[in-house]
Amino acid sequence: MNHSMKRAIISGMGFYVPDHVVKNEDLEKLMDTNDEWIRERTGIQERRWVEPGRDTTSGMGVKAARKAIENAGKDVSDIDFIIFATLSPDYYFPGPGVQVQEALGLDTIGALDVRNQCSGFVYGLSVADQYIKTGMYENILVIGSEYHSGGLDKTTRGRGVSVIFGDGAGAAVVSATDDPNRGILSTHLHSQGVHAKELALIGPATSKWVDQILEENDPDDLSYYPYMNGNFVFKHAVTRFPEVIMEALEKNGNTPQDIDLLVPHQANLRISQFVQRTMKLRDDQVYSNIMRYGNTTAASIPIALSEALEEGKVKEGDLVCMAAFGSGFTWASALIRW
Ligand code: ACO
């Protein structure tokens with residue numbers, strides 16, 4: 001290893017969720033579902049949904065970013081690059097990274113948009129890690145933000161998907177350090193496009209241009225809503241999570257027992273419990289907050305890590321593992337010496 005090389009640490013985390021709490025009982029008024037079904041299958045008790053007009057994907061990202069910068073003890077002007085992960089951008093194009101640049105008043109710094117859904121934050125973190133190590137940037141904002149609720153089918157027809165997803169944002173400031181004992185140890189990224197359509201939103205896009213949508217004007221065209229083959233996704237998730245976590249541990253000569261805190265993407269509590277059992281991890285080694293926020297896709301890991309930090313569950317020197325799996329399929333892990 002090149003000993004003069006910088007290492008990347010997470011110097012601050014922050015999150016923002018909309019005020020509006022939607023409990024499982026509230027969903028019973030919109031569709032044929034019930035609290036017991038949702039809790040048993042997913043562990044979710046409530047989620048936050050944006051009240052239309054109150055929040056946007058980029059706006060929530062900016063709020064989370066400001067907290068992360070404050071918690072890092074930095075100034076907004078210290079940020080020299082932006083990475084924004086989302087599957088629910090404000091606009092089809094441009095992506096929300098540039099909106100963060102404008103909102104924070106940052107002077108023409110670069111902004112990169114990441115489209116890796118549930119794995120988006122870990123992919124973004126991996127990119128930031130490389131830029132820091134090469135010395136290209138010093139302080140990078142990595143943001144995950146999602147505004148799912150506006151695009152869900154909130155009728156009985158869409159209940160298999162819509163009860164799972166929540167809105168919110170989380171952010172990290174990734175900073176350079178000369179300390180050889182801390183930082184991101186490694187990141188591991190994977191994809192398998194053969195399963196792209198098992199968890200996807202197909203239209204509107206270039207697969208269905210606007211003139212075709214207007215011409216068809218078909219209220220039963222479900223391609224405008226996210227589609228999820230739930231059982232299929234579940235089976236792949238419970239295999240890929242342990243696999244990619246083990247990949248990170250083995251790369252660094254660690255075992256599951258060495259993990260101080262695993263922060264998995266909050267996809268479904270049953271998936272996290274399955275991973276915990278498979279890897280023989282104790283309850284205190286695995287962080288879960290899906291009960292309160294649902295699945296917030298690219299935002300879920302940074303929201304969870306922010307809360308874990310606030311609760312004092314991560315301290316300097318801890319071995320922290322993040323792992324994600326989702327649409328693409330894409331999956332990823334990161335191992336950090338905090
Ligand atoms: N309320 C009540 N009943 C429902 C609901 C609902 N919200 N949704 C579906 N049902 C019904 C179905 O219609 C079905 O009825 P039927 O037997 O009469 O046909 C029954 O419940 C069982 O449906 P399944 O889809 O087979 O239920 P399953 O046990 O597979 O649970 C779930 C569904 C929770 C989506 C599960 O498949 C799962 O967790 N999949 C993993 C995918 C996941 O977590 N995705 C998160 C996003 S992706 C990611 O982040 C990784």
Side-chain angles (χ1 to χ4, degrees), residues 4-18 55-86 89-90 94-114 120-145 168-184 187 263 298-299 301-312 314-318 320 322 334 336-338:
S4 65
M5 201 155 87
K6 297 273 183 195
R7 295 188 88 167
I9 53 163
I10 293 182
S11 56
M13 295 287 316
F15 78 103
Y16 170 84
V17 288
D55 281 304
T56 59
T57 298
S58 64
M60 291 191 289
V62 167
K63 287 178 182 169
R66 286 195 189 280
K67 286 189 194 151
I69 295 167
E70 189 187 323
N71 289 336
K74 309 259 181 207
D75 207 72
V76 170
S77 60
D78 293 326
I79 301 300
D80 46 16
F81 193 66
I82 297 160
I83 300 176
F84 200 123
T86 187
D90 298 9
V98 297
Q99 290 165 297
V100 175
Q101 176 275 323
E102 198 224 335
L104 292 181
L106 287 160
D107 186 27
T108 68
I109 65 167
L112 176 73
D113 293 286
V114 171
F121 182 79
V122 183
Y123 264 75
L125 194 66
S126 177
V127 174
D129 183 35
Q130 311 315 310
Y131 281 153
I132 299 278
K133 278 182 181 151
T134 59
M136 184 157 171
Y137 297 117
E138 290 266 317
N139 295 292
I140 301 178
L141 260 182
V142 183
I143 301 170
S145 179
V173 178
V174 183
S175 302
T177 181
D178 293 315
D179 186 344
N181 301 315
R182 296 185 64 200
I184 298 173
T187 54
V263 183
I301 289 180
I303 293 175
L305 189 53
S306 295
E307 288 208 321
L309 279 160
E310 281 177 6
E311 292 163 18
V314 181
K315 51 188 189 314
E316 202 169 313
D318 278 357
V320 177
M322 302 176 201
I336 304 182
R337 182 61 70 186
W338 203 266

Partner residues of S77 under the side-chain hydrogen bond (donor to acceptor under 3.5 Å, both in side chains) criterion, sequence neighbours left out: D75

By side-chain hydrogen bond (donor to acceptor under 3.5 Å, both in side chains), which residues pair with E316, not counting sequence neighbours? none

Going by salt bridge (charged side-chain N to carboxylate O under 4.0 Å, His left out), name the residues that satisfy it together with D318, two or more places apart in sequence or in a different chain. K315

Salt bridge (charged side-chain N to carboxylate O under 4.0 Å, His left out) with E307: which residues, sequence neighbours excluded? R292

[X] versus [Y], closest heavy-atom pair with distance:
{"X": "A85", "Y": "A298", "result": "O-CB, 3.5 Å"}
{"X": "A103", "Y": "V62", "result": "CB-CG2, 3.7 Å"}
{"X": "V17", "Y": "G168", "result": "CG1-CA, 4.1 Å"}
{"X": "V114", "Y": "G124", "result": "CG2-CA, 4.4 Å"}

Got a sec, which residues hit side-chain contact (heavy atoms from CB on, under 4.5 Å) with [X], two or more places apart in sequence or on another chain?
{"X": "A169", "result": "M60, A64, S145"}
{"X": "V127", "result": "I83, L112, Y131"}
{"X": "P180", "result": "none"}
{"X": "A176", "result": "K6, I132, E138"}

Rounded to the nearest 0.5 Å, how far does [atom2] of [Y] lie from [atom1] of [X]?
{"X": "D80", "Y": "D107", "atom1": "CG", "atom2": "CG", "result": "12.5 Å"}
{"X": "I184", "Y": "L125", "atom1": "CD1", "atom2": "CG", "result": "4.0 Å"}
{"X": "L305", "Y": "M322", "atom1": "CG", "atom2": "CE", "result": "5.0 Å"}
{"X": "I109", "Y": "F81", "atom1": "CD1", "atom2": "CZ", "result": "8.0 Å"}
{"X": "I69", "Y": "D78", "atom1": "CD1", "atom2": "CG", "result": "8.5 Å"}
{"X": "T108", "Y": "Q101", "atom1": "OG1", "atom2": "CD", "result": "7.0 Å"}

Does some side-chain heavy atom of [Y] sit less than 4.5 Å from a side-chain heavy atom of [X]?
{"X": "L104", "Y": "I79", "answer": "no"}
{"X": "V174", "Y": "D129", "answer": "no"}
{"X": "R66", "Y": "V76", "answer": "yes"}

Under a 3.5 Å distance rule, please check whether R337 uses its side chain to pair with a backbone N or O of G317 as donor and acceptor. yes

Checking T134 side chain against Q130 main chain: does a donor-acceptor pair fall under 3.5 Å? yes

Steps toward side chain to side chain contact (heavy atoms under 4.5 Å, CB included) verdict (T57, Q99): CA-CA 10 Å; T57 298; Q99 290 165 297; over 6 Å; no

Would you give me the side-chain donor-acceptor pairs under 3.5 Å for residues 8-16, sequence neighbours excluded?
{"residue": "S11", "atom": "OG", "partner": "V173", "partner atom": "O", "Å": "3.3"}
{"residue": "S11", "atom": "OG", "partner": "S175", "partner atom": "OG", "Å": "2.7"}
{"residue": "Y16", "atom": "OH", "partner": "D55", "partner atom": "OD1", "Å": "3.1"}
{"residue": "Y16", "atom": "OH", "partner": "D55", "partner atom": "OD2", "Å": "3.0"}

So which of V98, I140, D113, L106 actually passes side-chain contact (heavy atoms from CB on, under 4.5 Å) with I82? L106

